[in-house]
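Take a look at the structure set out below.
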2 protein chains.
Amino acid sequence: MRLLVVEDEEDLVESLRVGLVRSGYAVDTAPTVDTALEKLAVNDYDLVLLDLMLPDGDGFSVCREIRTAPGGPRILMLTARDRLADRVRGLDEGADDYLVKPFALPELLARIRALLRRDDGGTAVVEVGELRLDTARFEAFRGDRALQLTPKEFGVLHYLMTRPGEVIGAEELLEHVWDENADPFTNTVRVTVGSLRRKITGEDEPLIETVIRQGYRLKDAI
Amino acid sequence: MRLLVVEDEEDLVESLRVGLVRSGYAVDTAPTVDTALEKLAVNDYDLVLLDLMLPDGDGFSVCREIRTAPGGPRILMLTARDRLADRVRGLDEGADDYLVKPFALPELLARIRALLRRDDGGTAVVEVGELRLDTARFEAFRGDRALQLTPKEFGVLHYLMTRPGEVIGAEELLEHVWDENADPFTNTVRVTVGSLRRKITGEDEPLIETVIRQGYRLKDAI
DNA sequence: CAGGTGGTGACATTCCCTGGACAACGTCCA
DNA sequence: TGGACGTTGTCCAGGGAATGTCACCACCTG
């Protein structure tokens, strides 16, 4: 699942990113209305965390933009406590839910799960071909075979599974699964993908292939 | 399970706190509407005990605030005897149950159990695999073997049993089983889970497993 | 005062991440 | 075709973070 966090307070963004990534989401961020609209045009998000107070305007325009097309991402609004009118208006403009700042991370995670669940139809389970990932139970399977994954491997696989069949570069993995301290020249992605690939493959045929100079691709079997 | 007691009579608050803590609940308190709203924003409660007569307003606003978001805590209203209209209105505003003051502690405990039970499904007895928890009698069994648990251990096990098979982080346990005075950097969760795990395991195979860097998981038997 | 409970800090242990070295592979071009 | 060079895969060991355990203390209760 890929999220866009539209928020300008840097500290809040960072703690959100860490918490969300830890929960297995791929996280992009945008500090302004402009960058948010740009990223929304280019990428396909599952959910947008939208602060209403932004340096170059309010979040309502983003709301409206998202709602112009059907099948867009869910919207979870973040509002200040004393802005009851904003909350009402936000829901009118098409937000799916809102949360009042300050909030507890577990509650945010719960709401996000609740919203994303509407897509999946009930569970925290992601499936691609023979692969099945249960994010609540932190379990992974290929067919009936349970995979014993470390958190990083789990995160990488989860991210790949959000966009099956697409080529995803090592840079992008580093950006989304590792945190901001990651050395951009590290080879830890190669190592992690390597061990993940070995565990997934087992006795069967490989599911993660390398597209040279481009990145990795998860086969979305039929 | 973590409760918020919204009530301004200090004596009552204290006796409630004692009674509830003895039953294995984590208890926070708020004497005013304001503090209640603050704590509700920051913490993730399972149930709110709500007095309607408060120094800075009535409890209905708290009710409404809780109900604005789905998946919030249960609400158990406390009302004066002669306020039938309040009771009706309270239920309309979203309270799950009410109790007329003065009341007997055992009855309050029974109602709380009934409300919290709605998450689980049915009776005062929670069962997961070989484990059985009688929340009314405060007894725990693995198969036929009685477990001698302390209140904290009981609380942890109860919480784990509400979501069997899911990975539950130490943070979340701290949030739901401990109260607001808990040091966020404490290792008391590790210690408590450790002793609980030893008692549950006994001679058999372990039922609480650790998912490294993520939390604990209670095996839900097949 | 004795016993139980729960919290703390020190320490041991386990396990994962990561950087470095190097091998294997692909690509390009003389 | 073969060598140079860049890219990717693999092994390995050190460091460090997360977890488990223990001894001890503070507090409460009967």
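Just so we're on the same page: letters track the sequence lines, and every chain starts at 1.
The NZ atom of A:K152 sits 13 Å away from the P atom of D:dA17 (whole-angstrom rounding). Nucleotide D:dT8 holds its P atom 14 Å from the CG atom of A:L174, rounded to whole Å. As rounded to whole Å, 16 Å separates atom C1' of D:dT19 from atom CZ of B:R217. In this entry the distance linking CG of B:L173 with P of D:dT19 reads 12 Å, nearest Å.
Residue pairs satisfying the salt bridge (charged side-chain N to carboxylate O under 4.0 Å, His left out) criterion with at least one member in residues 15-26 of chain B, sequence neighbours excluded, are listed as follows: B:E14-B:R17. Within the structure, every pair that satisfies the salt bridge (charged side-chain N to carboxylate O under 4.0 Å, His left out) test and touches residues 176-187 of chain B, not counting sequence neighbours, is listed here: B:K39-B:E180.
Contact annotation: A:S195 side-chain N/O to D:dT10 OP1/OP2 distance is not under 4.0 Å. Look at A:R190 and you won't find any side-chain N or O under 4.0 angstrom from OP1 or OP2 of D:dT7. Taking 4.0 angstrom as the limit, B:Y216 places none of its side-chain polar atoms (N or O) nearer than this to OP1 or OP2 of D:dA18.
Residue order along DNA chain C, read from the 5' end via each residue's closest nucleotide, puts B:T186 first among A:P151 and B:T186.
Here A:F141 pairs with nothing under the ring-ring contact (aromatic ring centres under 6.0 Å, His included) rule; sequence neighbours left out. For B:E107, the salt bridge (charged side-chain N to carboxylate O under 4.0 Å, His left out) partners are B:R111, not counting sequence neighbours. Considering only residues two or more places apart in sequence or on other chains, B:R137 meets the salt bridge (charged side-chain N to carboxylate O under 4.0 Å, His left out) condition with B:D134. Judged as a salt bridge (charged side-chain N to carboxylate O under 4.0 Å, His left out), and not counting sequence neighbours, the contacts of B:R145 are B:D204. With sequence neighbours left out, the salt bridge (charged side-chain N to carboxylate O under 4.0 Å, His left out) criterion links B:E9 to B:K101. In this structure A:Y216 satisfies the ring-ring contact (aromatic ring centres under 6.0 Å, His included) test with no other residue, sequence neighbours excluded.
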message = One character per nucleotide, please: for nucleotides 22-30 of chain D, 5' to 3', B when the base has a protein heavy atom closer than 4.0 Å, S when only the sugar-phosphate does, - otherwise.
response = B--------
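Note on the helix from C:dC1-D:dG30 to C:dA30-D:dT1: terminal axis deviation equals 20°, with five pairs used at each end and the result rounded to 10°.
A 4.0 Å heavy-atom criterion places the boundary nucleotides of DNA chain C facing chain B at C:dT5 to C:dC16, written 5' to 3'.
Between B:Y25 and B:I112, some side-chain heavy-atom pair lies under the 4.5 Å cut-off.
Applying the salt bridge (Lys or Arg N to Asp or Glu O under 4.0 Å) test between B:R2 and each of B:D28, B:D44, B:D46 identifies B:D28 as the sole match.
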Could you tabulate the donor-acceptor pairs under 3.5 Å formed by side-chain atoms of residues 188-195 of chain B, not counting sequence neighbours?
unit_1	atom_1	unit_2	atom_2	d
B:T192	OG1	B:T188	O	2.8
B:S195	OG	B:E153	OE2	2.7
B:S195	OG	B:T192	O	3.2

